[in-house]
Number of protein chains: 2
Amino acid sequence: MSIVDAAAGVFCREGFAGANIDLIAAEAGVSRQTVYNHHRDKEKLFIAVVRDLTERCNAGIFATIATFPDQPGDLEADLIGFAVRLNQNCICNRDGKFLRKLIQTEGERYPELFAEWREQGPGRTWPAIAARFARLAYGGHFTIDDPDVAARQFLGLVNAELQATFMLGGTPREDEVVQSATNGVRTFLRAFGKRPSPTGVKKHTALANA
Amino acid sequence: MSIVDAAAGVFCREGFAGANIDLIAAEAGVSRQTVYNHHRDKEKLFIAVVRDLTERCNAGIFATIATFPDQPGDLEADLIGFAVRLNQNCICNRDGKFLRKLIQTEGERYPELFAEWREQGPGRTWPAIAARFARLAYGGHFTIDDPDVAARQFLGLVNAELQATFMLGGTPREDEVVQSATNGVRTFLRAFGKRPSPTGVKKHTALANA
DNA sequence: GACGATTTGGACAAGAGTGTCTAAATTTGT
DNA sequence: ACAAATTTAGACACTCTTGTCCAAATCGTC
């Protein structure tokens with residue numbers, strides 16, 4: 001395991017103040033001196049960790065956004081699949097979990113660093129998702145007023161049932177992710193879908209592959 | 001300011017490891033020895049802080065749930081008012097912000113303590129809100145399949161636009177809270193409201209008083 | 001095989017924080 | 001006003017951590 005990977009784990013578990021360089025070195029399988037050789041001090045190491053995580057997470061999110069169903073066959077199933085991929089590949093994986101925790105934990109201590117994240121992360125990914133929704137709406141699959149609002153509400157809905165787990169830093173099981181996404185997408189489509197389908201519930205299988 | 005209040009602030013800012021007892025004593029306006037007299041050690045003090053916050057937050061949430069509109073005049077405006085009260089009085093205030101941060105930061109270090117929170121917090125408040133929604137549905141104001149899912153989605157929707165702010169430990173402005181609640185409730189009612197109102201947008205003022 | 005670069009382990013100084021102790025000062029109740 | 005309880009300031013031992021220094025060992029490359 002690389003030094004920054006090991007450091008990410010320790011910083012997440014112990015917080016910045018509680019993180020021990022000796023422990024990081026041990027988990028990385030190198031000597032303490034090597035840690036200091038590569039990264040001048042604890043703070044520089046921390047910054048390197050956040051930058052690394054932000055970069056990797058963003059790459060994953062954009063790769064997943066590229067799989068957005070622009071020409072859906074079954075709109076409900078396709079959106080559920082997209083939501084599940086987004087969660088499993090970007091938010092629930094190791095990088096996503098770590099980055100989320102570091103932002104929550106140390107966000108106030110490094111305003112510039114996390115302002116940067118905010119711009120590069122939600123500031124770029126949310127509009128990208130909104131654009132995909134706008135396209136679907138333009139194609140006649142939706143009736144939405146504001147694509148940006150719709151995108152944020154989509155994310156809020158498909159994660160609605162995972163909040164408590166995220167709070168405690170846990171990782172939801174795959175079936176919980178699928179369940180939350182399924183319920184969220186159904187509500188989303190009841191609100192914005194073309195046919196205001198009544199209570200009728202169709203049976204669909206979520207495609208959870210990458 | 002009491003010792004636990006001061007400790008709450010310092011634990012939140014600095015994390016458990018980074019929190020300094022001298023600083024807590026100074027902010028509480030007492031000597032360090034007094035802190036040790038009241039709470040045997042740092043860990044006991046931390047536990048007292050979390051218990052205190054959990055208790056106060058729960059009281060606030062249940063007080064707010066008591067204002068749920070059981071017999072709504074204007075359903076949309078009443079739900080927006082409820083959502084705004086919930087956010088302003090329970091989630092965005094000092095106690096809510098601190099409890100959220102402590103759970104995110106130290107949740108993994110004290111599993112029993114935060115399992116307790118989970119039972120006393122979401123475990124009791126979510127069903128309570130769900131029961132109110134079930135009552136509205138039974139009264140013919142809604143068409144919902146599962147009140148529990150609907151309650152979680154309601155919370156997810158009205159907070160959808162505040163996520164990034166919560167992440168960084170910030171406090172959203174009142175108008176942001178109202179905006180998010182308004183958009184969320186409108187979408188919620190488009191999905192579950194009795195009359196599947198089209199894109200039509202009515203003008204309503206959110207009652208944001210306590 | 002030899003040479004330069006990197007890594008290693010261990011020692012080290014400096015600083016910070018926890019928790020204890022004690023005697024003096026202050027508050028509280030009566 | 002007095003006695004008991006509490007609070008205070010300061011010193012203290014102890015532990016832990018950071019960051020530096022250095023000589024020996026290891027590695028990579030030619």
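We name chains A, B, ... by the order of the sequence lines, and we start the count at 1 in each one. Excluded from the calculations below are hydrogen atoms, water molecules and symmetry mates; all remaining heavy atoms, backbone and side chain alike, are included.
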Within residues 25-51 of chain A: residues closer than 4.0 Å to DNA chain D (heavy atoms):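 Here the set is A:Arg32, A:Gln33, A:Tyr36, A:Asp41, A:Lys42.
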
Interface with DNA chain D, restricted to residues 9-22 of chain A and to heavy atoms under 4.0 Å: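 Contacts with DNA chain D under 4.0 Å: A:Ala19, A:Asn20, A:Ile21.
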
First locate atom [atom1] of [X], then atom [atom2] of [Y], and finally report the distance between them rounded to the nearest 0.5 Å.
| X | Y | atom1 | atom2 | answer |
| --- | --- | --- | --- | --- |
| B:Ile80 | B:Gln179 | CD1 | CD | 9.5 Å |
| A:Trp117 | B:Met167 | CH2 | CE | 5.5 Å |
| A:Asn183 | B:Arg152 | CG | CZ | 8.0 Å |

Sub-4.5 Å side-chain heavy-atom contact between B:Phe82 and B:Arg132: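 In short, these two side chains do not touch, never coming nearer than 4.5 Å.
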
4.5 Å side-chain heavy-atom contact, B:Glu14 and B:Asn20: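 Side chain of B:Glu14 against side chain of B:Asn20, heavy atoms only: no contact under 4.5 Å found.
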
Difference in axis direction between the ends of the helix from C:dG1-D:dC30 to C:dT30-D:dA1, five pairs, 10°: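 Between the axes fitted at each end of the helix from C:dG1-D:dC30 to C:dT30-D:dA1 lies an angle of 40°.
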
Test: A:Arg186 and A:Glu76 ion pair at under 4.0 Å: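 Salt bridge between A:Arg186 and A:Glu76, a charged N being under 4.0 Å from a carboxylate O: yes.
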
ring-ring contact (aromatic ring centres under 6.0 Å, His included) partners of A:Phe46, counting only residues at least two apart: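 So A:Phe46 forms a ring-ring contact (aromatic ring centres under 6.0 Å, His included) with A:Phe11, A:Phe16, A:Tyr110.
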
For A:Phe142, ring-ring contact (aromatic ring centres under 6.0 Å, His included) partners two or more places apart: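 Result, ring-ring contact (aromatic ring centres under 6.0 Å, His included) vs A:Phe142: A:Phe133, A:Phe188.
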
Flag, side chain of B:Thr54 to backbone of B:Val50, donor-acceptor distance under 3.5 Å: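 Indeed, once roles are kept as given, a pair shorter than 3.5 Å links the two residues.
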
Sequence-distant partners of B:Asp146, salt bridge (charged side-chain N to carboxylate O under 4.0 Å, His left out), two or more places apart: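 Scan of B:Asp146 (salt bridge (charged side-chain N to carboxylate O under 4.0 Å, His left out), adjacent residues dropped) gives none.
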
